[in-house]
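Taking it in order: structure first as structure tokens, then the write-up.
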There are 2 protein chains.
Amino acid sequence: MKCSAPLALASATRGRPREFDPDQALAAALQVFWRRGYESASMAELTEAMGITKPSLYACFGNKEALFKKALDLYERDKLKYIGTALEAKTAHEVAERLLNCALATHCGASDPQGCLGVISMVGCTAEAESIRADVVARRASSEAAVVRRFEQAKADGDLPESVCPTKLASCLMTVLQGLSVKAQGGAKREDLQGAIDTFLTMWPRR
Amino acid sequence: MKCSAPLALASATRGRPREFDPDQALAAALQVFWRRGYESASMAELTEAMGITKPSLYACFGNKEALFKKALDLYERDKLKYIGTALEAKTAHEVAERLLNCALATHCGASDPQGCLGVISMVGCTAEAESIRADVVARRASSEAAVVRRFEQAKADGDLPESVCPTKLASCLMTVLQGLSVKAQGGAKREDLQGAIDTFLTMWPRR
DNA sequence: AACATTTCATACCGAACGGTATATAGGGGT
DNA sequence: ACCCCTATATACCGTTCGGTATGAAATGTT
């Protein structure tokens with residue numbers, strides 16, 4: 001159960017040393033979860049992709065749910081770090097532009113287009129895994145709240161028209177982001193997504 | 001396997017008459033699929049909600065996949081009929097307005113907000129059920145194509161600026177629709193969705 | 001009344017699921 | 001060397017999954 005040093009520098013000098021790198025294994029697990037979603041990713045698939053056996057997985061990561069949450073942490077740290085940097089853009093329009101285009105790049109990056117891990121897991125989890133759902137929902141809410149704050153700042157800067165509501169505009173933008181995930185998950189072409197993004201940005205409220 | 005008269009007026013005079021109404025049972029199945037998604041809806045849940053036993057279900061509907069597709073037909077016929085009527089609106093803006101608001105009403109109608117059955121099933125199906133996925137994707141593509149045609153007409157009517165591309169605008173609108181489903185599935189409040197819709201409509205390109 | 005036909009209810013099937021008991025192997029501490 | 005501790009590999013656990021075999025019940029036909 002215990003995973004004393006949290007995934008890195010596990011310099012437990014006592015006992016047989018583990019023969020795999022937890023970070024690398026977690027990265028492999030993330031790929032599986034991202035491709036298949038939480039519930040559809042089976043332990044057999046995970047262990048095979050991670051190159052370890054089930055007891056090793058359980059000893060190091062706890063259980064499937066804990067493994068997923070660690071993978072989700074990694075996902076946010078690596079794949080969603082563009083959200084933080086996008087918020088640093090100078091104008092609200094540029095914030096939206098970066099968010100949308102970086103999302104596109106992330107989800108159409110490597111092979112086939114695939115949606116956001118959060119969207120896939122939140123939508124796909126209804127049966128058990130209510131905890132997973134709640135976790136994803138909370139993370140998403142915090143992202144949206146950050147966008148709201150950024151747009152409030154933009155409005156104070158005179159960067160957005162007085163008539164727009166930062167909360168609603170952020171909700172609208174997040175809606176588009178999540179819609180892009182669904183389209184990507186449905187196998188949409190990159191040009192299709194790019195068209196939706198460009199059109200939305202053209203519609204963006206100007207001062 | 002055979003389900004001779006397709007779900008209605010099964011006036012097979014020979015043999016023991018069935019003790020349930022297939023249409024009613026299918027409606028109950030639709031509720032389960034809508035709430036839980038294709039894979040998460042178990043046969044036990046389905047049979048309980050439909051008030052029949054498993055052999056009855058298999059005799060009448062074939063198997064889980066065939067049952068789902070029949071439920072999806074019913075869903076499009078009942079819950080998504082607003083798409084057809086929305087396309088009859090006079091202006092492109094009104095088309096978008098109707099599509100978005102009717103989607104909101106559908107997904108926040110009864111109890112807790114829930115996303116579109118198509119979105120839930122397409123995103124949630126990765127493992128088996130590739131056939132389900134393909135079916136949903138095809139239906140969605142046909143809907144989007146209808147919107148494209150409507151916007152081309154609107155442009156011909158001078159109802160949309162020359163600068164907008166009907167294909168891209170339709171893609172953008174469908175993206176928002178699907179994003180709303182995700183937000184609804186995540187437990188978003190009705191006002192939140194309404195805010196996103198209103199903001200998007202405010203941004204709508206004007207002639 | 002006897003038969004054919006269809007539905008119903010129960011119990012069951014093999015497979016896959018997440019998770020674990022157990023025994024062995026491989027390191028440091030002393 | 002020996003002991004302790006931890007990771008490994010194999011085999012297994014109970015549960016749930018979608019789907020079905022089987023026999024009884026209920027109708028129309030003759």
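Quantities reported herein were computed from a predicted structural model and do not represent experimental measurements. FYI, side chains are in, hydrogens and waters are out, and symmetry mates aren't considered; it's all heavy atoms of this structure. Lettering of chains follows the sequences in order, A, B, ..., and the numbering in each one begins at 1.
- Looking at which nucleotide of DNA chain C each of Lys54(B) and Asn63(A) is closest to, the 5′-most match is held by Lys54(B).
- Judged purely by atom type and a 3.5 angstrom limit, Glu45(A) uses its side chain to pair as donor or acceptor with the backbone of Ser42(A).
- Between the side chains of Gln153(A) and Asp159(A), not a single donor N or O lies within less than 3.5 Å of an accepting N or O.
- Taking atom CZ on Phe20(B) and atom P on dT7(C), their separation rounds to 8 Å, with Å as the unit.
- Computed from coordinates, the Met43(A) CE to dA15(C) P distance equals 22 Å when rounded to whole Å.
- Heavy atoms only, all atoms of each residue included: Ala27(B) and Leu74(B) are closest at CA-CD2, 3.8 Å.
- Between the OH atom of Tyr58(A) and the P atom of dC13(D) there is a distance of 17 Å, rounded to whole Å.
- Judged purely by atom type and a 3.5 angstrom limit, Trp204(A) has no side-chain atom pairing as donor or acceptor with the backbone of Ala96(A).
- Arg18(B) has its CZ atom 18 Å from the P atom of dT5(C), to the nearest Å.
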Donor-acceptor pairs are to be reported for all side-chain atoms of residues 166-175 of chain B against protein atoms at under 3.5 Å, with residues two or more places apart or in another chain.
from	atom 1	to	atom 2	distance (Å)
Ser171(B)	OG	Lys183(A)	NZ	3.0
Ser171(B)	OG	Asp192(A)	O	3.4
Ser171(B)	OG	Asp192(A)	OD1	2.7
Thr175(B)	OG1	Ser171(B)	O	2.6

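- With rounding to whole Å, Met50(A) atom CE is found 15 Å from dA7(D) atom C1'.
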5' to 3', nucleotides 21-30 of chain D under a 4.0 Å protein heavy-atom cut-off (B base, S sugar-phosphate only, - none) gives B---BBBSS-
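- Listed by first and then second residue, the side chain to side chain donor-acceptor pair (under 3.5 Å) pairs involving residues 79-92 of chain B amount to none (not counting sequence neighbours).
- Between the P atom of dT10(D) and the CD1 atom of Ile52(A) lies a distance of 15 Å, rounded to the nearest Å.
- Close to dC8(C), at under 4.0 Å from its OP1 or OP2, lies a side-chain N or O of Ser56(B).
- Counting to the nearest Å, the C1' atom of dG19(D) and the CG atom of Leu57(B) are 11 Å from each other.
- A donor-acceptor pair is defined here as one N or O able to donate and one able to accept, closer than 3.5 Å; such a pair exists between the side chain of Thr106(A) and the backbone of Cys102(A).
- When rounded to the nearest whole Å, the span between CD of Glu48(B) and P of dA9(C) equals 14 Å.
- For Ser42(B), the side-chain atoms get nearest to dG18(D) when compared with the rest of dT8(D), dT7(C), dG18(D).
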